[in-house]
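All values derive from a computational prediction rather than experimental measurement. Lettering of chains follows the sequences in order, A, B, ..., and the numbering in each one begins at 1.
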Amino acid sequence: MNILRPSIICTVAFTIAGLLTGCNKPSSVPGAGDDTIKVGEFASLTGSEATFGQSSHNGTQLAVDEINAAGGVLGKKIQLLTEDDQSQAGQSATVVRKLISSDGVVAILGEVASSRSLEAAPICQQNKIPMISPSSTNPRVTEVGDFIFRVCFIDPFQGTVMANFARKTLKLQNVAVLTDVKSDYSVGLAKFFKEGFTTTGGKIAAEQNYSGGDKDFNAQLTSIKAANPDGIFVPGYYTEVGLIALQAKQLGLTIPIFGGDGWESPSLVQIGGAALEGDYFSTHFSPQASTPAVQNFVKKYEAKFKDAPDAMAALGYDSALILADAIKKTGSTDGTKIRDALAAEKDFPGASGNITIDANRNASKPAVILEIKNGAFQYVQTVAP
Amino acid sequence: MNFRHAKTFLLGAIALGFLASLFADRINPYWLFIFYDIGISIVMAVSLNLINGYTGQFSLGHAGFMAVGAYSSAVITNQFGDLSFLAANGIFAVALLAGGLAAALAGLLVGIPSLRLRGDYLAIVTLGFGEIIRVILQNMDKVGGARGLSVMHGWTNLFWTFGLAAVTVYVVASLVNSTYGRGFIAVRDDEVAAEAMGINTTKYKVTAFVVGAFFAGIAGGLYAHSKQFITPGGFGFMQSIAFVVMVILGGMGNTIGVILAAILLTLLPEGLRMLSGIEHLPGLTAERPLGWIGDTRMIIYSLLLIVLMLTRPQGLFSLKKSSVQK
Amino acid sequence: MTEFFQQLINGLAFGSILALIAIGYTMVYGILRFINFAHGDVFMLGAFAGFYLAPKIATVFPLPSIAGAIAVLIVSMLICAALGVAIERLAYRPLRKRPKLTVLITAIGVSLFIEYAGQFFFGAAPKKFPDILPVLPITKIGGLSLNSNQLIVLAVTLILLVALRFIVMKTKIGTAMRAVSFNPEAAALMGVNTDVVISFTFALGSALAAAAGILWAVNYPSIDPLMGILPGLKAFVAAVLGGIGNLPGAALGGLIIGVTETLVSGYISSTYRDAIAFAVLILILLVRPSGLLGKKEIEKV
Amino acid sequence: MLEIKNLAVSYGAISALHGISLSVQAGNIVTLIGSNGAGKTTTLKTISGLLKPKSGEIFYDGKNIAGLPPHEIVARGLSHVPEGRMIFSNLTVLENLHMGAYLVRDKKIVRRELEFVFATFPRLKEREQQIAGTLSGGEQQMLAIGRALMSQPKFLMLDEPSLGLAPLLVKTIFEKIVEINRERSLTILLVEQNANRALEISHFGYVLETGKITLSGDSASLRQNPQVKSAYLGG
Amino acid sequence: MSALLQLEKTTIRFGGLTAVSELDLQIGKSELVGLIGPNGAGKTTAFNLITGVYQPTSGEINFDGQSTVGCKPYQITKRGIARTFQNIRLFPSLTVFDNVRAVFHLHLRGDVRHALWRGKGYHAEEKSVADRVLELLEIFQLGRFRDEPAKSLSYGDQRRLEIVRALAAQPKLLLLDEPAAGMNATEKVELTRLIRFIKDKFQISILLVEHDMKLVMEICERIAVLDYGVKIAEGKPDEVRANPKVIAAYLGD
């Protein structure tokens, strides 16, 4: 008799489905007739990457609150619908479909992790809903189609920036690379750094790997020490970098460690402490930068969340701001029109620097290199794209 | 119900799936893809039930087989560009089959230690195999490594998901409900006695693993062509455990219960999501009175799981009669 | 050679923490025959207990200090012991007579609950674990960098293992634990209150997990609500490797996993580090199907 | 000493005992005979608290002990040697005996009891440090009885002490039971398949059939009862 | 006449312990042989050697003219040796009917493909299996329990079902391991009748391990006595009963 059941279940399911399609039709005209403009956000609010997802979400929420406090866009308030994808593969496709087809959002913001952005991007593209990723740096994300944007720079740019910095400013010859193989971001950034570093005559002395979530890096660091490099490139997230720096110092490794924007977070120095002194990383903005956009953001974020913002928060904030700006400019909530407006954004003053959307829908903006000095981030130099 | 008509039901279910797929574009895509998830969960849970429920071998690596199927089929279909309706479905069928076979091969590999190991030891080894598969994929640059693999074609549809779910149920139920298949349950009930009664326990255990893995591979293919993007991290041991939960909540060795549990557990998080999205409640004017559910959705989910097990430990849908039906 | 010894010390320090967690798995398994999936999360709670307690304890014993560190350790152990007992009573005891798989699912539920609730209440971002131990300068012996934390981890683990062995082998409740693990019904007929013994086992296992959590946090001072998953999984592997239900086996398994992982990722490739523990496990189980020290259960036919 | 009134026990929906009543006088050996599945073991397990009764009362020394947990019942002086012996095969013989004295706090008493057990079963003394699992079946049975004696019981329940033992050993075990009963004036409730032997050494007997007491009387008369003879004595 | 089963100097050691030592034993066609001895004498071990659960350390076991050494239990069962267990080992969650049916896979012509395709041949075969199972159950008065799970049967019925299940393998030799354990006098009389009936109706050989001397003496044609793994006596029931070695080791006075 259990053969019979699936067919019954199918029948019932399809009946329900039929009903659902009926119910959902009215809202499928994006944002129309309402006094709000619905914007969807998908983020890893729980699960293994929740710390990044929550930061990014905080930034986004801050921007939306700010916009609404200033009277909203096109005379309407922005309603931010946030869905959690639990840092799980497969979930972002589901939630983005829900946001688009059940909630009828006009645009999508998200995700931090490139793999989850890549899952959602084809859906947004098919539905002609613009999607802005705050901080997915993998080049493939925006290659999905002309509705997919991002407000961060991409791995090849950042990789090259750090390679040049290591070669020219730090004058390094032999560098070890310690990659988080679980993270697409880390793997991508490592790849472009290695390319950049070797083409300028540097040598990769050792390559070691870890998995995000690891806490013990002694084995890798001991091997790195044995290879005797003059610097270590760690294209990872701050969640591990602090511990890596600590353990490196404990093993007697005194060479500089440097990495990318994944480092940027107040927790980095809290955990790594003195072990990080004299280390470098590239990122989007310097909190000391005097631009009003940056100052305004840092002040408001600290007031609201009682914590200093990290890069993910700044990018989340910018993704919402630039979307609102595009909607304002085009005067419409139509997906295609928003897309066109986004593609035309130039020198938009964001918390993560001035953003210009290039032909490939990536943010073209300068990278800032910071040094960790006396437990704070010190500005070193700006590298234009 | 007389099992004699099994084949009729199978064909009926497939035909129905086909009919439904013709109307797919009238279904809200969000729900449509949830149906795909349900179909995939059914294939996974029912095939795992053959290993865990009927044969009594405790496998914690089912998502690993799914990964093998997902990657194999995706690598095949990614070789092709846009195809006509018929060609696309033809290629898809071949790719799914290939994914299933690749996973079955992996199942054979895992099945071999099952000959020597029992209970928790077997469980941890299957878990280990699942993790090893994940780590290998993570380091295979050809399929994108940790960066994941984009699957070009979204060929999964209602016909394939529910047709294959029906086939899985048919195969597992047919296997078990035959004189030959009573051997599976005999192995579960008492391995020593089964061996003494002339049942080649080795063959049965390996068969269960191979058949179970085959369908997990097919489910992987369906998954890959529904999500269109796969990463090794999506097939970790927490995923395997999610399927084990379905089997146990449905009642070990109870196919109907397991199907219902697969549906329930796929819908539950979405249901909580919907609740939190309700904007107005009668009598309340607050904008999202249930918004807190959104923040605590997974806490509620895990609490529900505990409460369900405490109140219905024999499985949610276990029937009074023996869990093994005639 | 220096590098090798350095790696060996790294591996032993890492492995001894795994051993402490593995013992909790093995003790619960020995007595109830089920895998307490939430054990890794109790380990996490141990570290967080230390995190929230340290400022309070600092008002009595200034931190960092040895007395303060011991106080943090003991109080966290007590808190987690109570938590372990509570988990057993609420989630596992009602299912005592049910198939072990049912309890396993409940344990998974408890594990998810602790993880999600942890993310909700503690926040997902990693926190800096306070310095509770005075940091000694790094000693160098012939190129070897000996860091005081690693040595302390080794020493504390050793002390706890000896204490545990004494409790299990020499005390009355220890004998009762062994009796209950062999046959709860017969133990009850001897006048043993099995519920008390089971609670005690959970208390002991959870206290060790808490100690592991504190040692871990001292050594790797970044804690987050999901920090228990990976060490929990590896400790579980270690427990099975040593022969689940066998206390020295769990300790041995922890050390083996720690050392092999470190050596293989140091010398062969760190790429496959996560897979190594499992590969070692599968190889050993194929040769010894009941683990290294596990007794082969000859089934009476 | 022990008085059971209308005791009913069930396993889920299946009823195992439908209201039995029996009493055991101090100093007596009382035997409970009946076919397999009649409820003999269930009766003992319910008295010792391993099973919870559905209804009915168990009076021991005038107090109702029905439904108390096993450890409290042991504390009152009832000891149960379970079917299949259930010794702790992972512990040594000595540790097994010490487990028997789990509730005895006075070390002196433990030592005294230990001497008595060793005197009764000299074989156990020889094997003091041996892991109990390596003992032979007969020795294990001795250990099980010795272990039960360590708790200083006033009332001893024995479940099938002769099960699976060779005829030679069965004889020894029964002799020891009589010896213990006489020397320690211990009240004994005996469940036995070997009805012949059991009735030989006991003072009083009950016949249990599918959860009901069908016959009772002093052992001598039961042995003469034609019904008992044909059903249980193979006469 | 060549014996159906022949053990020649069969020995098995576990670590240092010799559980069965140089055992010689023969069972002829349609013969009913008893194997007795004190606990731990090696009777069940001998059973496990014959059925392939253990492999002999040295010595030979021949069944029906061929060695069984190195064969797995299921292969030996296929060749015609079926057994029951000291502590009943049914398939507890399967019904009475299915307990017996599971064994019938030995006599199936089709395999997995058959079960999956469910063609005409499959249904015909399943029908004939069902008929044969029911016939067997009826012979042993278990027909009315056919749809009950085996675990819900009474002790005596479970014992009987285990024997029926063994017979479903259509053995030439049936091994019964303490079938009377836990039975009262009436049930033992019943069992005696049942064993005789099986031997006559199915024309098979039976090897019986049993403690109940009355039962063993009554039905066995020949008895072998084991003590500490060594055969100390063999012969007709009366000879064995009178053997002083047997009295000393086992029977007592």
Quick check on the interface: out of D:Asn96, D:Leu91, D:Leu78, who has the most heavy-atom pairs with chain C under 4.5 Å? D:Leu91
Surrounding CZ of C:Arg165 (heavy atoms of other residues, nucleotides or ligands, distance under 6.0 Å), is the total greater than 12? no
Name the option with the most non-hydrogen atom pairs under 4.5 Å to chain C; the candidates are D:Ser89, D:Pro70, D:Ser151. D:Ser89
So which atom in C:Asn183 and which in D:Phe88 form the shortest heavy-atom distance, rounded to 0.1 Å? O-CE2, 3.7 Å
Part of D:Ile87 lying under 4.5 Å from any heavy atom of chain C: backbone
With chain C, which of D:Glu95, D:His98, D:Met150, D:Glu72 has the greatest number of heavy-atom pairs at distances under 4.5 Å? D:Glu95
Report yes if some heavy atom in the side chain of C:Leu189 is under 4.5 Å from a heavy atom in the side chain of D:Ser48; otherwise report no. yes
Tell me whether D:Arg182 at atom CZ has more than 12 heavy atoms from other residues, nucleotides or ligands lying less than 6.0 Å away. no
Do you know which of D:Leu103, D:Leu50, D:Val81 has the most heavy-atom pairs with chain C at a distance under 4.5 angstrom? D:Leu50
If every non-hydrogen atom of C:Gly191 is compared with every non-hydrogen atom of D:His71, which pair is closest and at what distance? O-CB, 3.1 Å
Which answer fits D:Ala101, side chain, backbone, both or neither, if we ask what part of it has an atom under 4.5 Å from a heavy atom of chain C? backbone
Are D:Met99 and C:Thr175 side-chain neighbours, meaning at least one heavy-atom pair lies under 4.5 Å? yes
Should D:Lys45 and C:Glu185 count as side-chain neighbours, where that means a heavy-atom distance under 4.5 Å? yes
